[in-house]
Amino acid sequence: MFLRRVLLSAFLLLSSALSAAAELSLVMVEEDGCVWCARWNDEIAHIYPKTPEGQSAPLRRIDIHAALPEDLTFARRLSFTPTFVLMQDNLEISRIEGYPGEDFFWGLLEKMLEKADSPPLN
């Protein structure tokens, strides 16, 4: 009985710690006809959700010409496509403006996740 209580307590503590963790997402700001958006889609989009980065910060897409979602707070105006904005609890913490190519994208995203104190899950 004692072991059962200890395990239950540990489970409850772990559950509350996980729910208190900051929620991350990666917002991709895009538009129709954007050749760099299309390049990102060709090179990254199909694998992103399967990567540790994609697991840590799921992708959310918004059109630059649409009204901004009310649940997101950006640090400054969105001017370029693609722009990748790392959000923590729906607040911007960093961004990549443009698509620098596959190799640079992953390195920049890793630095953004480190800044958020949430390196990718392994």
Side-chain angles (χ1 to χ4, degrees):
M1 188 65 149
F2 175 74
L3 180 59
R4 192 170 163 183
R5 278 193 214 153
V6 169
L7 290 174
L8 180 59
S9 295
F11 174 76
L12 292 174
L13 284 172
L14 180 61
S15 295
S16 66
L18 290 174
S19 66
E23 182 180 327
L24 293 176
S25 63
L26 183 66
V27 174
M28 179 181 180
V29 182
E30 59 189 337
E31 66 183 320
D32 287 338
C34 169
V35 296
W36 294 103
C37 300
R39 184 171 169 196
W40 188 88
N41 285 327
D42 289 343
E43 296 177 356
I44 306 287
H46 62 284
I47 60 171
Y48 183 79
K50 302 171 191 170
T51 65
E53 294 83 358
Q55 296 294 311
S56 295
L59 185 68
R60 180 174 174 182
R61 295 171 180 261
I62 63 172
D63 186 290
I64 197 165
H65 301 295
L68 293 177
E70 292 183 16
D71 62 321
L72 300 177
T73 302
F74 295 95
R76 62 184 194 277
R77 186 171 173 240
L78 298 165
S79 301
F80 307 101
T81 58
T83 296
F84 301 91
V85 184
L86 186 63
M87 308 295 279
Q88 189 169 32
D89 295 327
N90 294 331
L91 300 173
E92 178 178 343
I93 57 172
S94 56
R95 69 171 65 186
I96 301 169
E97 292 180 319
Y99 176 60
E102 184 175 1
D103 293 334
F104 287 105
F105 174 80
W106 291 116
L108 292 170
L109 181 57
E110 183 177 353
K111 289 182 185 288
M112 291 166 59
L113 289 167
E114 287 171 1
K115 180 179 177 180
D117 289 328
S118 178
L121 304 171
N122 289 326

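- Closest approach of A57 and L113 over heavy atoms only: CB-CD2, 4.2 Å.
- Applying the salt bridge (charged side-chain N to carboxylate O under 4.0 Å, His left out) criterion to R77, with sequence neighbours excluded, gives no partner residue.
- Residue I64 comes nearest to S79 through the heavy atom pair CD1-C, 3.8 Å, listed as atom of the first residue, atom of the second, then distance.
- When all heavy atoms of P58 and L24 are compared, the closest pair comes out as CD-O, 3.3 Å.
- Hydrophobic clustering (side-chain heavy atoms under 4.5 Å, transitive across Ile, Leu, Val, Met, Phe, Trp, Tyr) keeps I93 apart from I62.
- Listed by first then second residue, pairs satisfying ring-ring contact (aromatic ring centres under 6.0 Å, His included) with a partner in residues 55-80 number zero, not counting sequence neighbours.
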Please evaluate residues L108 and F84 with respect to the criterion side chain to side chain contact (heavy atoms under 4.5 Å, CB included), reporting the C-alpha separation (whole Å), side-chain torsions for both, the decisive distance (0.1 Å), and the verdict. CA-CA 10 Å; L108 292 170; F84 301 91; over 6 Å; no
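- By the side chain to side chain contact (heavy atoms under 4.5 Å, CB included) test, P49 is found to be paired with no residue, residues two or more places apart in sequence or in another chain being considered.
- Heavy atoms of other residues, nucleotides or ligands lying less than 6.0 angstrom from CH2 of W36 number 12 at most.
- When every heavy atom of T81 is checked against every heavy atom of C37, the shortest pair comes out as CB-SG, 3.9 Å.
- How far OG of S94 is from CE of M87: 10.0 Å, rounded to the nearest 0.5 Å.
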Start with the C-alpha gap between L72 and V85, add the side-chain angles, then the distance that decides, and say whether side chain to side chain contact (heavy atoms under 4.5 Å, CB included) holds. CA-CA 10 Å; L72 300 177; V85 184; over 6 Å; no
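- Partners of E92 under the salt bridge (charged side-chain N to carboxylate O under 4.0 Å, His left out) rule, at least two apart in sequence or in another chain, are R95.
- W40 and F104 fall into different hydrophobic clusters, where Ile, Leu, Val, Met, Phe, Trp and Tyr are joined by side-chain heavy atoms under 4.5 Å apart, directly or via other members.
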Should I44 and E102 be marked as a side chain to side chain contact (heavy atoms under 4.5 Å, CB included) after you check the CA-CA gap, both sets of side-chain angles, and the distance that decides it? CA-CA 7 Å; I44 306 287; E102 184 175 1; 3.5 Å; yes
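- Distance check: Q88 CD to K115 NZ gives 10.5 Å after rounding to the nearest 0.5 Å.
- Connection of M112 to Y99 is established within a shared hydrophobic cluster, with ILVMFWY side chains joined at heavy-atom distances below 4.5 Å, either directly or through further cluster members.
- At a threshold of 4.5 Å between side-chain heavy atoms, the hydrophobic network of Ile, Leu, Val, Met, Phe, Trp and Tyr places L26 and W106 in one connected group.
- Every pair passing salt bridge (charged side-chain N to carboxylate O under 4.0 Å, His left out) that includes a residue from residues 24-41 is listed here, sequence neighbours excluded: E30-R61, R39-E43.
- Rounded to the nearest 0.5 Å, atoms OH (Y48) and CD (Q55) are 9.5 Å apart.
- T73 pairs by the side chain to side chain contact (heavy atoms under 4.5 Å, CB included) definition with L91, not counting sequence neighbours.
- Here the closest heavy-atom approach between residue I96 and residue L109 is recorded as CD1-N, 4.2 Å.
- For D71, the salt bridge (charged side-chain N to carboxylate O under 4.0 Å, His left out) partners at least two apart in sequence or on another chain are R60.
- Note on L86 and F105: same hydrophobic cluster, where clusters join Ile, Leu, Val, Met, Phe, Trp and Tyr whose side-chain heavy atoms are under 4.5 Å apart, directly or indirectly.
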